[in-house]
Structure formats: C-alpha cells, structure tokens
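Single-structure report; data block below.
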Amino acid sequence: MTQAVQTPTGAGKATIGEQPGVRPAEGYAGDVLPELAHAWMTNGEAVLVDVRSDAEREWVGYVPGALGLAWKQWPGMALNPGFDAGMRAGVPPGKKAVLLCRSGVRSIAAARRATELGIEAYNILEGFEGDADAEGHRGRKGGWRLRGLPWKQN
C-alpha cells in the first residue's frame, strides 16, 4: 500500500513505499522526516547518529541520546577514518540507524556507507538546522530544532 505525504518543502506530494512515512531512496533504506526519526529513537527501534562535526554539535546544538559520530571533520572536512568502526559499535544488530546532519545532505552519504556496512540506515530529511532561507539563514525552514524536537546547546 502506498501513501501520499507532504514533501519537506511543501512543494507537492511524494509517494512513499510500504513503510509509512519512509520515502524511497537509492543506496540506503530511505528518507524520513525528523518526527518519525524521533519516534523510532524514542521507542528503541533506531539509534540516531548525528554525523555533523564535533564542532557543530558542540556549538550549534545536539540531540540528547544521539550517537555523535562525524562523517567528515572540520577543518578541511576530511572523511572520518573511524566512521565504520563507530557505526558497527554504536548500532546494535537488528536496530535501524537514522542519520542526522545540518541540512540532510551529508547524512545521505553516511546512510549509503552504513548500508554498505550491512546496517538498515535512513537519512533524516531537513537535518538539524533545515535549509537556508532567502537571507541565507538556517533554522527557519524545517529541521529538527524548528520542529520542536528535543535538543540542547552548550
């Protein structure tokens, strides 16, 4: 059975597959909105993996209970050589991984890599801060924070 859902940008409808709330994707299990990722994390179905850099989590904010495991590190945004080992250690067999970055772009690459490792991995649409608005500011158009989901800031 398929179901129609509003796309994150509100531009139209997207048809999703068998699992309610999941938009099919190429190379990983699918894309989900922040609320579904939060529900899966809360009920123990999934581990939320925050793939932003350590600096982003420290200064912009973080999701309590998430596994902080950078996909790329600042400065230079070099791939994290410990990513594979961190995913294997942090996501128990049989659990999903929902991957979060700033805007939902780096987490796609990380979800593809996690899938290659044998993990059922999903990208969280909109990311932590959402897309930039017309003025180039984040945090006003979608994202984990704007949707009122749990987060903290140091």
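For clarity, every value in this text was computed on a predicted model and none was experimentally measured.
Under the 3.5 Å distance criterion, the side-chain polar atoms of Glu126 are matched with a main-chain donor or acceptor of Gly143. Side chain of Asn80 to backbone of Ala70: a donor-acceptor contact under 3.5 angstrom is found.
Inter-residue side-chain proximity for Leu36 and Ile124 is flagged as unmet; no heavy-atom pair is nearer than 4.5 Å. In this structure, Arg147 and Leu33 have side chains that are in contact, with non-hydrogen atoms separated by less than 4.5 Å. Taking 4.5 Å as the limit, every side-chain heavy atom of Leu48 sits out of range of all side-chain heavy atoms of His38. Side-chain atoms of Met87 and Leu69, non-hydrogen and from C-beta on, do get closer than 4.5 Å to each other. Trp151 is listed as a side-chain neighbour of Phe128, based on a closest heavy-atom distance under 4.5 Å.
Residues Thr115 and Ala121 come closest through the heavy atom pair OG1-CB, 3.8 Å. Of all heavy-atom pairs spanning Tyr28 and Asp31, the tightest one is OH-OD1, 2.7 Å.
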- Message: side-chain contact (heavy atoms from CB on, under 4.5 Å) for Val91 and Val49? Distances and angles first, verdict last.
- Response: CA-CA 9 Å; Val91 182; Val49 182; 4.1 Å; yes

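Remark: Ile119 CD1 to Asp84 CG distance equals 8.5 Å, nearest 0.5 Å. Atom CG of Leu79 sits about 5.5 Å away from atom CH2 of Trp71, to the nearest 0.5 Å. Note: Asp54 CG to Gln73 CD = 4.0 Å, rounded to the nearest 0.5 Å. Remark: Glu35 CD to Trp144 CH2 distance equals 8.5 Å, nearest 0.5 Å. Rounding to the nearest 0.5 Å gives a distance of 7.5 Å between CD1 of Ile108 and CG of Leu125. Summarising the geometry, atom CG belonging to Asn154 is positioned 11.0 Å from atom CZ belonging to Arg57; distances are rounded to the nearest 0.5 Å.
Clustering ILVMFWY residues whenever any of their side-chain heavy atoms sit less than 4.5 angstrom apart, transitively, puts Met41 in the very cluster that holds Val22.
Because its NZ or CZ atom is not both nearer than 6.0 Å to the ring centre of Phe83 and within 45° of the ring axis, Arg113 does not count as a cation-pi partner of that residue.
Other residues sharing a hydrophobic cluster with Met77 under the 4.5 Å side-chain heavy-atom criterion for ILVMFWY residues are Trp74.
Shown here is Glu26, whose CD atom has no more than 12 heavy atoms of other residues, nucleotides or ligands within 6.0 Å.
Ala55 is linked by a side-chain contact (heavy atoms from CB on, under 4.5 Å) to Ser53, Trp59, counting only residues two or more places apart in sequence or in another chain.
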Taking distance alone, no hydrogens or angles, what donor-acceptor pairs closer than 3.5 Å link side-chain atoms of residues 92-104 to residues at least two apart or in another chain?
from, atom 1, to, atom 2, distance (Å)
Lys95, NZ, Gly44, O, 3.1
Lys96, NZ, Glu45, OE1, 2.9

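Between Glu58 and Arg52 there is no salt bridge, since no side-chain nitrogen of the basic residue lies less than 4.0 Å from a carboxylate oxygen of the acidic one.
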